[in-house]
**Student:** 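Here it is: the structure, laid out below.
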Amino acid sequence: MKVVNLKQAILQAWKERWSDYQWAINMKKFFPKGATWDILNLAEALLEQAMIGPSPNPLILSYLKYAISSQMVSYSSVLTAISKFDDFSRDLCVQALLDIMDMFCDRLSCHGKAEECIGLCRALLSALHWLLRCTAASAERLQEGLEAGTPAAGEKQLAMCLQRLEKTLSSTKNRALLHIAKLEEASSWTAIEHSLLKLGEILANLSNPQLRSQAEKCGTLIRSIPTMLSVHSEQPHKTGFPTVHALVLLEGTMNLTGETQPLVEQLMMVKRMQHIPTPLFVLEIWKACLVGLIESPEGTEELKWTAFTFLKIPQVLVKLKKYSHGDKVFISIDECPYEPALQLGVSPLLDKADQRCNCDFTDFLLQECRKQGLLSEASVNNLMAKRAVDREHAPQPKAGENANIQPNPGLILRAEPTVTNILKTMDADHSKSPEGLLGVLGHMLSGKSLDLLLAAAAATGKLKSFARKFINLNEFTTHGSEESTKAAPVRALLFDISFLMLCHVAQTYGSEVIMSESSTGAEVPFFETWIQTCMPEEGKILNPDHPCFRPDSTKVESLVALLNNSSEMKLVQMNWHEACLSISAAILEILNAWENGVLAFESIQKITDNIKGKVCSLAVCAVAWLVAHVRMLGLDEREKSLQMIRQLAGPLYSENTLQFYNERVVIMSSILEHMCADVLQQTATQIKFPSPGMDTMPYWNLLPPKRPIKEVLTDIFAKVLEKGWVDSRSIHIFDTLLHMGGVYWFCNNLIKELLKETRKEHTLRAVELLYSIFCLDMQQVTLVLLGHILPGLLTDSSKWHSLMDPPGTALAKLAVWCALSSYSSHKGQASSRQKKRHREDIEDYFSLFPLDDMQPSKLMRLLSSNEEDASSPTDRSMSSSLSASQLHTVNMRDPLNRVLANLFLLISSILGSRTAGPHTQFVQWFMEECVDCLEQGSRGSILQFMPFTTVSELVKVSAMSSPKVVLAITDLSLPLGRQVAAKAIAAL
């Protein structure tokens with residue numbers, strides 16, 4: 001008999017009562033090779049015929065079961081066919097379909113093309129929807145049966161439905177396939193959510209607790225599918241987090257003026273990467289502030305730390321609280337437990353902070369948190385009561401000791417509104433009441449007022465506008481046409497005070513705070529020009545013969561004559577900016593005259609007294625040039641120049657000075673000390689600067705003399721590792737070494753130290769500390785680490801032994817942390833402390849990693865395993881280097897993007913090569929860490945640079961062959977990414 005179609009073939013088999021294997025043999029005879037059974041819709045045709053009557057046809061069902069078992073039909077075609085049946089009143093048919101599902105619902109697989117695997121995802125989603133509808137129908141029937149007094153039948157079917165639901169959903173693989181299907185078909189997922197809600201309402205009245213709890217379990221599993229990547233285990237056993245500690249210390253010590261947002265993002269990144277519980281995270285931030293404040297050197301540094309703790313950190317915490325978008329884990333500080341806080345060593349720190357600040361530190365801090373809305377009134381009172389009990393055991397200061405010293409926290413908190421008021425005052429028209437303005441500025445110079453105000457302005461982000469206002473004032477006072485003898489001294493003082501303040505700001509907080517955003521066409525103010533070209537700073541070498549030091553010769557001659565002939569400096573109609581620019585050339589003339597015997601030492605004294613007698617800024621400009629000049633002289637030529645610096649540095653003891661002279665001299669001395677520090681060290685000269693009684697340069701000259709810097713680096717790292725945390729002094733030493741040795745030297749030597757560690761807990765601590773040390777210049781360190789050091793280790797078989805566990809695991813963790821941090825922040829601006837550093841790119845990243853895929857890059861030429869094609873036969877059409885980043889059109893001219901793309905090409909090549917070893921194991925650890933640190937749905941993470949073909953290679957590694965890993969490493973926002981993921985998961 002010639003069979004016309006599938007339906008006829010099935011009917012003939014039924015009429016003739018063929019056995020299942022007979023049926024299969026005959027079917028293959030009837031339908032020659034070519035079309036597959038899925039294209040002919042065999043599963044659907046069999047089910048259609050089997051479900052015609054009120055009960056299913058057992059013979060035709062046996063054919064379907066045979067077809068499933070012998071893989072004539074795919075799982076997806078069976079699931080699709082089942083989900084089309086919707087007459088839930090036919091109990092026996094429904095039960096037969098549930099039995100069929102039971103055959104394979106917990107072991108679905110597909111080894112076909114990517115499209116077929118996506119088809120399986122969609123079919124599973126349809127089947128899940130069908131199961132939910134079927135369960136809801138069974139539950140309704142059960143309720144009706146209960147009312148009619150015949151519950152048994154309905155209960156049996158509901159139990160069967162829930163059992164299949166639970167069996168299907170218990171498999172992580174199935175949930176991963178459903179996760180992909182949800183992204184493919186958002187509307188179908190919405191239908192599932194509606195069915196789930198409806199089912200919940202029906203089952204709420206169910207009296208059987210066992211069935212109800214089973215249904216709740218299934219509901220929870222379905223709801224967990226969209227978020228199945230975001231579940232991370234936190235670290236309950238750890239109480240100290242050195243990375244958070246060091247980040248906060250680094251920010252407080254070196255970047256008070258920085259914006260809060262980058263710090264917030266960096267802290268959140270660390271919290272995520274290290275899975276830190278929120279209460280301990282907040283506690284670690286406070287502990288770092290306490291340590292920073294307690295160990296800060298007296299003077300400006302102490303005030304900066306106080307401002308950081310009381311003004312900046314509360315702002316950071318406010319942002320951290322808002323930052324947790326939809327993250328229910330983030331809790332308020334209200335819930336930060338105080339008892340564990342006491343056990344975790346905070347009480348002794350608070351006691352020390354009380355002594356250092358001469359106040360109840362906790363009270364000030366909690367009140368500030370309450371003002372920011374971080375704590376409720378009740379919480380403040382509760383915490384204060386606990387701290388009061390705690391303080392009874394603390395060492396009490398002696399009565400009367402420090403009683404008159406006002407505590408810094410109080411002063412800083414009062415300074416903040418004062419900054420705002422001063423900014424308003426500075427906005428007024430300077431020409432209307434210069435005397436009133438001078439009074440305000442004079443008041444700012446007294447005691448530590450200036451440092452307090454600057455610290456408060458820096459911590460609240462107002463320092464730049466503060467500096468701008470003073471630059472405008474300085475510019476306003478440079479000219480004095482047609483002024484009276486009464487107005488001249490006021491203008492001279494306003495010029496001098498603004499000049500000294502700006503120099504002080506530049507030295508304390510960095511000259512970038514002073515510089516304006518460059519706008520073309522606008523005239524650059526005098527002070528900006530002077531600071532860029534004439535002011536000596538760390539790492540800036542000035543040329544004493546630069547044109548900026550050689551102004552108009554007639555002005556220089558008149559200035560020399562003025563200094564040499566008159567008894568004191570004239571003030572009326574003096575153009576102060578011209579005098580400041582001419583003083584360098586005038587000093588050169590005077591020096592030459594002195595060295596050639598034209599002027600005697602007495603004349604030099606008179607000239608230097610004239611320079612510093614009225615306005616201190618002239619002395620600052622003179623010394624700035626002398627410092628550049630001394631650097632260029634031989635040993636025997638320096639004496640007179642250094643003697644002149646000595647003369648200019650000391651104050652003038654005279655009745656005839658202008659207002660606020662002593663206060664101005666204190667600032668001038670501090671400025672000159674900073675300017676001369678390097679030159680005095682190089683020339684082994686000592687100059688006594690009149691100091692206010694404290695160390696004005698606490699973090700200068702920290703490196704021990706006559707020791708190789710590599711020794712210093714290994715020593716300081718060993719000490720830090722032993723202690724388990726980084727202190728402010730160490731941060732400064734690391735920063736100096738980074739400046740001196742360069743990024744490659746610094747990073748390479750520290751990685752060598754990490755690879756020497758053999759104890760697991762030490763390597764973990766080393767990673768946490770190294771990450772925070774690398775934050776000194778994270779972008780450049782990451783380029784070196786991922787672009788040079790890692791490829792060098794992975795491609796040189798003689799170095800593979802150093803990648804063994806535990807140091808190899810630690811290096812993989814560190815590399816991922818650095819990559820994630822740099823990638824998430826490199827779209828933003830570099831922080832001010834990173835802008836200061838001179839960029840020295842080790843090699844041009846364009847030649848190291850060429851853009852053209854056809855041209856083998858330098859890195860890829862290193863690979864021994866490059867001859868073979870790593871991609872699997874089914875994916876030959878896909879370029880072996882195609883990655884999600886290319887589909888997202890990421891800018892590959894960016895060095896970091898190039899380095900990441902090439903590192904993942906190297907990883908792909910290692911996974912596809914025939915030789916395995918520690919380097920293969922390292923790649924596995926690297927990928928595991930990437931997965932562990934990922935956020936849910938983080939499109940645009942570093943894994944987008946991984947070639948799609950790597951996924952199929954990676955699942956061959958036993959530790960990585962899990963559905964969650966596949967979901968995590970593929971970009972599911974792209975259709976191609978979903979296909980790659982579905983193919984890899986379906987084959988597991």
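The basis for the numbers below is simple: all heavy atoms, side chains too, and nothing from hydrogens, waters or symmetry mates.
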**Student:** Return a table of donor-acceptor pairs under 3.5 angstrom between the side chains of residues 116-131 and protein atoms on other chains or two or more places apart.
**Tutor:**
unit_1 : atom_1 : unit_2 : atom_2 : d
Arg122 : NE     : Glu185 : OE2    : 2.9
Arg122 : NH2    : Glu184 : OE1    : 2.8
Ser126 : OG     : Arg122 : O      : 3.1
His129 : NE2    : Ser195 : OG     : 3.1
Trp130 : NE1    : Ile82  : O      : 3.4
Trp130 : NE1    : Phe85  : O      : 2.6

**Student:** Could you work out, with side-chain hydrogen bond (donor to acceptor under 3.5 Å, both in side chains) as the rule, every residue matching Gln924, not counting sequence neighbours?
**Tutor:**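 Once residues adjacent in sequence are excluded, the partners of Gln924 under the side-chain hydrogen bond (donor to acceptor under 3.5 Å, both in side chains) criterion are Glu928.
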**Student:** According to salt bridge (Lys or Arg N to Asp or Glu O under 4.0 Å), who are the partners of Asp102, at least two apart in sequence or on a separate chain?
**Tutor:**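 With sequence neighbours excluded, Asp102 shows a salt bridge (Lys or Arg N to Asp or Glu O under 4.0 Å) to Arg164, Lys167, given in chain and number order.
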**Student:** Show the atom names and distances, to 0.1 Å, of all donor-acceptor pairs under 3.5 Å that link a side chain in residues 61-69 to residues at least two apart or in another chain.
**Tutor:**
unit_1 : atom_1 : unit_2 : atom_2 : d
Ser62  : OG     : Leu59  : O      : 2.5
Tyr63  : OH     : Ala13  : O      : 3.3
Tyr63  : OH     : Trp18  : O      : 2.8
Ser69  : OG     : Lys65  : O      : 2.9

**Student:** Does Phe945 have its ring centroid less than 6.0 Å away from the ring centroid of Phe904?
**Tutor:** no
**Student:** Do other residues, nucleotides or ligands put more than 12 heavy atoms under 6.0 Å from Gln261 CD?
**Tutor:** yes
**Student:** Step through the shown structure and confirm whether more than 12 heavy atoms of other residues, nucleotides or ligands are within 6.0 Å of CD on Gln210.
**Tutor:**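 Count not over threshold, so no.
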**Student:** Within a strict 4.5 Å, meaning less than it, do heavy atoms of the Asp971 and Leu943 side chains meet?
**Tutor:** no
**Student:** Under a 4.5 Å cut-off applied to non-hydrogen side-chain atoms, are Leu169 and Ile225 in contact?
**Tutor:**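 Yes. Closest side-chain heavy atoms under 4.5 Å.
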**Student:** Around atom NZ of Lys173, are there more than 12 heavy atoms of other residues, nucleotides or ligands at under 6.0 Å?
**Tutor:**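 Yes, because the 6.0 Å sphere around NZ of Lys173 holds more than 12 heavy atoms from other groups.
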**Student:** Pair Ser138, Glu140 - check side-chain contact (heavy atoms from CB on, under 4.5 Å), show working.
**Tutor:** CA-CA 5 Å; Ser138 306; Glu140 279 176 341; over 6 Å; no
**Student:** When you compare the side chain of Trp817 with that of Glu929, does any pair of heavy atoms fall below 4.5 Å?
**Tutor:** yes
**Student:** Considering non-hydrogen atoms only, spot the tightest contact between Gln49 and Leu11 and give its length.
**Tutor:**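 Shortest heavy-atom separation between Gln49 and Leu11 comes out as OE1-CD2, 3.6 Å.
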**Student:** Compare every heavy atom of Ala215 with every heavy atom of Leu203, then report the nearest pair and how far apart it is.
**Tutor:** CD1-CB, 3.2 Å
**Student:** Measure across Thr949 and Ser908 and return the closest heavy-atom pair with its distance rounded to 0.1 Å.
**Tutor:**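 Result for this residue pair: OG1-OG, 4.2 Å.
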**Student:** Do Ile276 and Thr243 have side chains that get closer than 4.5 Å, going by heavy atoms?
**Tutor:** no
**Student:** Can a side-chain donor-acceptor contact be found between Thr278 and Lys271 if the only test is distance below 3.5 angstrom?
**Tutor:**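 Yes, Thr278 and Lys271 have a side-chain donor paired with an acceptor closer than 3.5 Å.
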**Student:** Look at the side chain of Asn174 and the backbone N and O of Asp106, then say whether any donor-acceptor pair between them is shorter than 3.5 Å.
**Tutor:** no
**Student:** Not counting sequence neighbours, which residues clear salt bridge (Lys or Arg N to Asp or Glu O under 4.0 Å) with Lys84? List them please.
**Tutor:** Glu44
**Student:** What are the two closest heavy atoms between Gly977 and Phe948, and how far apart are they?
**Tutor:**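 That would be CA-CE2, 3.8 Å.
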**Student:** How close do Cys161 and Thr135 get, heavy atom to heavy atom, and via which atoms?
**Tutor:** CB-OG1, 3.4 Å
**Student:** Quick check: do Ile180 and Leu967 have side-chain heavy atoms less than 4.5 Å from each other?
**Tutor:**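 Sidechains of Leu967 and Ile180: in contact.
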**Student:** Whether the side chain of Ser822 engages the backbone of Ala819 through a donor-acceptor N/O pair (distance < 3.5 Å, no angle test) should be reported.
**Tutor:**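 Absent.
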**Student:** Show your working on side-chain contact (heavy atoms from CB on, under 4.5 Å) between Met51 and Leu97 and close with a plain yes or no.
**Tutor:** CA-CA 10 Å; Met51 298 293 163; Leu97 292 175; 3.6 Å; yes
**Student:** Scan for salt bridge (Lys or Arg N to Asp or Glu O under 4.0 Å) pairs involving residues 208-218, sequence neighbours excluded, and state none if there are none.
**Tutor:**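 Qualifying pairs: Glu166-Lys217.
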**Student:** Of all the heavy-atom pairs spanning Ser170 and Leu221, show the shortest one and how long it is.
**Tutor:** N-CD1, 4.3 Å
**Student:** Does the side-chain contact (heavy atoms from CB on, under 4.5 Å) test come out yes or no for Cys930 and Ile969, once each step is laid out?
**Tutor:** CA-CA 8 Å; Cys930 282; Ile969 61 179; 5.8 Å; no
**Student:** In terms of side-chain geometry, is the basic nitrogen of Lys156 or Asp91 positioned less than 4.0 Å from the acidic oxygen of its partner?
**Tutor:** no
